Amino acid sequence: MYFSGIIGLSIFLFQDKELEESIQRGGEIYQDFCITCHQGAGEGVANTYPPLAGSDYLLTYREESIRGIKFGQQGELMVNGATYNNTMPSMGLEDEEIADVMNFILNSWGNASDEMVTTTVVESILEN
């Protein structure tokens, strides 16, 4: 029983370290590709680019959020009670980069996610 507890703890520590590294890489990707529209603190631009900070959309529509980064997005969406209708082009990111930037966004500016976005999850999301 003690042995299995150690294994469980080491898996948790590994996943925690893996998530931490992903978040760090994702912050760099955010600086390169996302900051212009979504701003430095994830606040977005009123009536133009939705906020990522404290975003109800990100947590409720996780798969759609990943799809939007992966393939681009256009049309109406509701974020924190406000409607946005704009176009976000695909940034041309690799699946691992998308996972990293999602982990950064989901764990920054008041957002918190217990579930790490992995490359496997991003690979499984297809364009509609």
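Nothing here was measured: the structure is a model prediction, and the numbers come from that model. All values below come from the heavy atoms of this structure, side chains included, with hydrogens, waters and symmetry mates left out.
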Would you indicate whether the side-chain heavy atoms of F71 and S90 approach each other to under 4.5 Å? no
So CG of D32 and CD of E97: to nearest 0.5 Å the spacing works out to 9.5 Å
Quick check on the hydrophobic clustering: are Y30 and M116 connected, directly or via other members, by side-chain heavy-atom contacts under 4.5 Å? yes
Count I, L, V, M, F, W, Y as connected when their side-chain heavy atoms are under 4.5 Å apart, and connections chain through other members. Are L19 and V121 then in the same cluster? yes
Hey, does H38 have a side-chain heavy atom less than 4.5 Å from the side chain of P51? no
Would you say Y57 has more than 12 foreign heavy atoms packed within less than 6.0 Å of its OH? yes
For Y84 and N47, which heavy atoms make the closest approach, and how far apart are they? CE2-N, 3.7 Å
What are the two closest heavy atoms between A99 and S22, and how far apart are they? O-OG, 4.1 Å
Does the side chain of S65 come within less than 4.5 Å of M102's, by heavy atoms? yes
Does a side chain donor of either T119 or D95 reach within less than 3.5 Å of an acceptor in the other side chain? no
Does one hydrophobic cluster hold both V45 and L58, with members joined at side-chain heavy-atom distances below 4.5 Å? no
Contacts of I125 that satisfy side chain to side chain contact (heavy atoms under 4.5 Å, CB included) - sequence neighbours left out: E63, I66, R67
Return the minimal non-hydrogen interatomic distance between T48 and N86, and the atom names on each side. O-ND2, 3.1 Å
Point-to-point distance, once rounded to the nearest 0.5 Å, from CD1 of I105 to CG of N111: 8.5 Å
Q24, CD atom: more than 12 neighbouring heavy atoms under 6.0 Å: no
Is there side-chain contact between V101 and C34, with heavy atoms separated by less than 4.5 Å? yes
Could you tell me whether Q74 atom CD has more than 12 heavy atoms of other residues or ligands within 6.0 Å of it? no
With the side chain counted from C-beta on, respond yes when K70 and E127 share a heavy-atom pair under 4.5 Å apart, and no when they do not. no
Side chain to side chain contact (heavy atoms under 4.5 Å, CB included) involving D56 - partner list, sequence neighbours excluded: V79, N80
Rounded distance (nearest 0.5 Å) linking atom CG of N107 with atom CG of N103: 6.5 Å
Side chains of I29 and F104 in contact at under 4.5 Å (non-hydrogen atoms): no
Roughly how far, to the nearest 0.5 Å, is CG of L77 from CE of M88? 9.5 Å
Could you measure the distance from the CD atom of E96 to the OG1 atom of T120? Nearest 0.5 Å is fine. 10.5 Å
Using side-chain heavy atoms (C-beta onward) and a distance below 4.5 Å, is L93 in contact with D100? no
Does the side chain to side chain contact (heavy atoms under 4.5 Å, CB included) test come out yes or no for M91 and I69, once each step is laid out? CA-CA 7 Å; M91 298 289 120; I69 296 170; 5.5 Å; no
Membership question, hydrophobic clusters at under 4.5 Å side-chain separation (ILVMFWY): are Y49 and I35 in the same one? no
May I ask you to test the R62-V117 pair for a side-chain heavy-atom distance under 4.5 Å? yes
Report the distance from atom CD of E21 to atom NZ of K17, rounding to the nearest 0.5 Å. 4.5 Å
